[in-house]
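What follows is a short report on a single structure.
Computation of the quantities below employed the complete heavy-atom set of this structure, encompassing side-chain atoms and omitting hydrogens, waters and symmetry-equivalent molecules. Each ligand, and each atom within it, is numbered from 1 in the order the structure gives.
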Amino acid sequence: MNADKFFRTGLISMRLSITENASDKPNAQRDLRAQIIAAYSGVIRAYAFIRFKIIHLRFLEEIEQYLPDHGTILDLGCGFGLFSLYIAARKPHAQIIGIDINDPRLQIARAAAQKLGITNVTYERGDLRAWRPAQKIAGAYALDVFHHIPVASGDALLRDLFARLEPGGRFLLKDIDTQPRTMLWFTYILDLVMSPRDDFNYRSAGAWQRQLRATGFAPVYAHFLWDLLPYPHILLICEKNQLDADRGARG
Ligand SMILES: C[S@@+](CC[C@H](N)C(=O)[O-])C[C@H]1O[C@@H](n2cnc3c(N)ncnc32)[C@H](O)[C@@H]1O
């Protein structure tokens, strides 16, 4: 094949594969999201629908791409299990463990997993102020949970997660920034409706980054996930650097 033909064929196949990926992947993810919503009933189905609007495909794709394909992944404060089901279905070779303090939510999560035939996810009751994983973990994420936990307990949890994370492993923390204030107030009212007995401990994006770096994570990236919805979302992507872990093990 001459060079000209090679480049032209290469470009065509590249264009084709981009087109395929652009159309197939979001459809598969949309279908999966719809199946997960349909696995719940009544008010929880409505909640799942709204929650998937708030943390929509773009966020999910981002969260998914930073998590490993194998090993144990923790969903801290998994609630009704929406996102653990999504990640489990997208990562069939990983084992997802969802932790939450709320037993009825865990029962609903287990029933949804059974209905969907998703077997690589389990749910455990745990209070994140004291609960710690028994094993080494390949990755972990916490979606809108840390602000439900007192700051000192949250910091202790971060330190212990860091210690149990395998070198090169990632921890994703999605929470609420404290700016703009109007958005924070909006989120606070929704939090009060969903969890009227909780205290809320919101931290600024800067405070989160400082705390995560002090815990040992490096690098720590902050992604402000703003869109049309009035939430000051922030996603912190934290890595347990392989070199630091090696140095720690030697020292
Ligand atoms: C805003 S919901 C988020 C649920 C889920 N991550 C999601 O994004 O749909 C917060 C969750 O944190 C859980 N939670 C609050 N305090 C907790 C604690 N101390 N230990 C474990 N889970 C807790 C609640 O039961 C609730 O399911």
Considering residues, nucleotides and ligands other than Phe49, do more than 12 of their heavy atoms fall under 6.0 Å from its CZ?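 Incorrect, the count does not exceed 12.
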Surrounding CG of Asp199 (heavy atoms of other residues, nucleotides or ligands, distance under 6.0 Å), is the total greater than 12? no
Take the angle between the ring planes of His147 and Phe200 and call it parallel below 30°, perpendicular above 60°, tilted in between. tilted
Main-chain N/O of Leu192 paired with Ser195 side-chain donor or acceptor, under 3.5 Å: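 No.
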So, does Asn120 use its side chain to make a donor-acceptor pair with the main chain of Lys91 at under 3.5 Å?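 Between the backbone of Lys91 and the side chain of Asn120 there is a qualifying donor-acceptor contact (under 3.5 Å).
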So what's ligand 1 close to, N/O to N/O, under 3.5 Å?
unit_1	atom_1	unit_2	atom_2	d
ligand 1	6 (N)	Gly77	O	2.7
ligand 1	6 (N)	Leu143	O	3.0
ligand 1	8 (O)	Arg51	NE	3.2
ligand 1	8 (O)	Arg51	NH2	2.8
ligand 1	9 (O)	Arg51	NE	3.0
ligand 1	19 (N)	Asp127	OD1	2.9
ligand 1	20 (N)	Leu128	N	2.8
ligand 1	22 (N)	Ile101	N	3.3
ligand 1	25 (O)	Asp100	OD1	2.6
ligand 1	27 (O)	Asp100	OD1	3.4
ligand 1	27 (O)	Asp100	OD2	2.8
ligand 1	27 (O)	Arg105	NH1	2.9

For Tyr123, all residues meeting ring pair (Phe, Tyr, Trp, His ring centres under 6.0 Å), sequence neighbours excluded: none
